[in-house]
Protein chains: 2
Amino acid sequence: MTGKQFTSVWLREPRKATSPGRSREEIVSAAMELLDAEGLDGLSMRKLGAKLVAGATSLYWYVANKDELLELVYDEVWGGMTVPDPEIVGWRDAAAAFAHNMRASLLRHSWATSLVGRTPALGPNALAAGDLMRRAFRLAGFEGLEIDYANATLTAYVFGMVIPEVAWNTAMVEGEIDEDGVRQAVAHAVRDYPDLIAGVCEAQEVTTRLAREMSFDFGLHSVLDGLEARLVT
Amino acid sequence: MTGKQFTSVWLREPRKATSPGRSREEIVSAAMELLDAEGLDGLSMRKLGAKLVAGATSLYWYVANKDELLELVYDEVWGGMTVPDPEIVGWRDAAAAFAHNMRASLLRHSWATSLVGRTPALGPNALAAGDLMRRAFRLAGFEGLEIDYANATLTAYVFGMVIPEVAWNTAMVEGEIDEDGVRQAVAHAVRDYPDLIAGVCEAQEVTTRLAREMSFDFGLHSVLDGLEARLVT
DNA sequence: ACCTGAACACCGTTCAAGT
DNA sequence: ACCTGAACACCGTTCAAGT
């Protein structure tokens with residue numbers, strides 16, 4: 001009858017914050033440091049325990065399991081995505097700023113992109129951001145379910161763009177890989193597709209930070225234009 | 001000087017296909033079965049070996065490591081994304097059909113969404129799809145880098161939408177979870193955000209297949225409209 | 001050329017036991 | 001209330017050895 005429950009840290013009351021011993025905040029911020037330094041694979045309960053000068057299994061007192069720990073750190077990433085008040089700057093500027101902040105925050109904590117489809121985003125920071133964006137789209141003139149559709153469209157775009165961007169970044173960093181070698185190899189793989197070859201060559205400068213921002217902005221303006229088009233109909 | 005190389009199955013010549021013993025195709029399709037049945041966590045080299053009535057480590061003769069095996073199965077998923085010829089149906093219909101096919105293929109092999117930012121898509125099927133989409137956007141009137149920008153925008157949207165959709169699906173399936181319970185729990189988590197509550201309530205029917213397709217189409221039309229707007233400028 | 005088993009260096013998590 | 005170590009059931013991968 002009653003199968004496994006859907007669980008999330010955010011759906012349980014946190015343990016009473018008592019003074020002695022370690023705290024949940026301490027654990028979360030140590031986990032963040034480990035993640036930023038070594039990536040998702042670099043975080044293990046054993047390593048995190050060692051970093052906190054504690055037995056590896058002590059952490060289970062503060063956190064039900066590793067997945068819930070990841071929920072906690074994930075929400076910290078959402079905390080880095082500030083959204084300007086749409087009532088002040090207007091919905092479109094608010095949405096654009098939100099998109100840029102999402103991207104920046106994900107680039108800062110690149111391990112987070114691996115959590116997108118895996119960790120429920122029900123923490124306070126994620127909810128606050130979602131709430132603000134809903135207000136922005138309501139202000140724009142969307143109603144009912146379309147508010148959520150518009151919001152989903154924008155965040156889908158950002159995640160979909162940043163996930164591959166981060167993948168490329170980390171593939172390059174992990175061992176100071178020589179980018180030209182990669183491009184040559186890719187060009188070779190692509191040799192049967194004349195149209196793609198042109199793309200690879202033109203993409204020479206695409207690896208620079210500025211060019212990637214241009215690409216991001218191109219799509220962002222498209223998405224916002226497309227959403228705006230929904231309003232006049 | 002020369003750091004770790006960027007490696008991919010597709011950048012090496014495959015081992016000569018000799019008759020005796022197992023074949024790479026056999027391994028890949030067994031891996032697909034395991035993945036479809038048990039998800040990404042269900043695939044281990046040991047289990048896969050057992051399924052093929054072989055020692056767990058025999059597979060390393062055919063495949064360098066697990067990551068390369070994942071590259072191979074990932075490209076099979078791309079093979080499920082057929083694109084109609086844009087010269088026949090027009091760029092916009094081709095793009096829309098591609099988006100729907102991508103979504104369908106990812107829903108069919110839900111484990112694939114976890115590979116999006118992790119496994120390079122350089123296989124023949126991925127390249128063929130990319131090539132066709134480039135032709136569609138060129139036909140639409142895009143030039144130079146903008147062809148790639150437009151393509152990136154569309155695929156980003158699809159991935160960004162489908163990844164959370166799959167996450168929701170698997171969260172529900174894993175243990176026949178009662179959806180109403182989840183919604184109640186989420187509504188409770190969201191209690192401080194009056195605007196979000198409205199969204200959760202309206203989203204009652206969002207869990208149905210049809211409603212999700214509506215949501216997908218809403219965003220898809222927005223993205224295509226937005227791209228089209230780039231052309232008239 | 002192909003396959004094997006043992007071994008290494010890891011995992012997340014449980015649980016009885018300590019203070 | 002908090003922390004520990006031992007133990008369990010797994011991983012991916014290497015490598016010498018077999019046929």
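Quick note on labels: first sequence line is chain A, next is B, and so on, each numbered from 1. It should be emphasised that the depicted structure is a prediction, and the values quoted were computed from it without experimental measurement. Computed from heavy atoms alone, side chains included, the values below leave out hydrogens, waters and symmetry copies.
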Please confirm whether the shortest side-chain N or O distance from A:Trp61 to OP1 or OP2 of D:dC3 is below 4.0 Å.
no

State, without any angle test, whether A:Asp36 and A:Trp111 hold a side-chain donor-acceptor pair at a distance under 3.5 Å. yes

**Steps toward side chain to side chain donor-acceptor pair (under 3.5 Å) verdict (B:Glu68, B:Ser8)** = CA-CA 7 Å; B:Glu68 294 207 350; B:Ser8 163; over 6 Å; no

One should report the stems of DNA chain C, each a stretch of at least three consecutive Watson-Crick or G-U pairs at distances under 3.5 Å, as C:4-8 with D:12-16, C:12-16 with D:4-8

Flag, side chain of B:Asp75 to backbone of B:Ala126, donor-acceptor distance under 3.5 Å: yes

Taken to the nearest whole Å, CZ/A:Arg24 to C1'/D:dC2 is 15 Å

All heavy atoms of B:Lys66 vs all of B:Ser44, minimum pair found to be NZ-CA, 4.4 Å

Closest non-hydrogen contact found for B:Arg108 with B:Gly80 is NH2-O, 4.0 Å

(Q) I'd like to know whether B:Ile147 forms a side-chain contact (heavy atoms from CB on, under 4.5 Å) with B:Met133, so could you lay out the CA-CA distance, the side-chain angles of the two residues, the decisive distance to 0.1 Å, and finally the verdict. (A) CA-CA 9 Å; B:Ile147 297 172; B:Met133 283 313 296; over 6 Å; no

From the candidates D:dC2, D:dT4, C:dT4, the one with an atom nearest any side-chain atom of B:Ser58 is C:dT4

Reading nucleotides 8-19 of chain D from 5' to 3' and marking B where a protein heavy atom lies under 4.0 Å of the base, S where only the sugar-phosphate is that close, and - otherwise, the string is ---BBBB-----

Sorted by chain and residue number, the ring-ring contact (aromatic ring centres under 6.0 Å, His included) partners of B:Phe218 (sequence neighbours excluded) come out as A:Tyr149

- Query: When rounded to the nearest Å, what value does the distance between C1' atoms of C:dA1 and D:dA17 take?
  - Reply: 15 Å

* Give a yes/no verdict on a cation-pi contact between B:Arg103 and B:Phe216, requiring under 6.0 Å between NZ or CZ and the six-membered ring centre and an angle within 45° of the axis. => yes

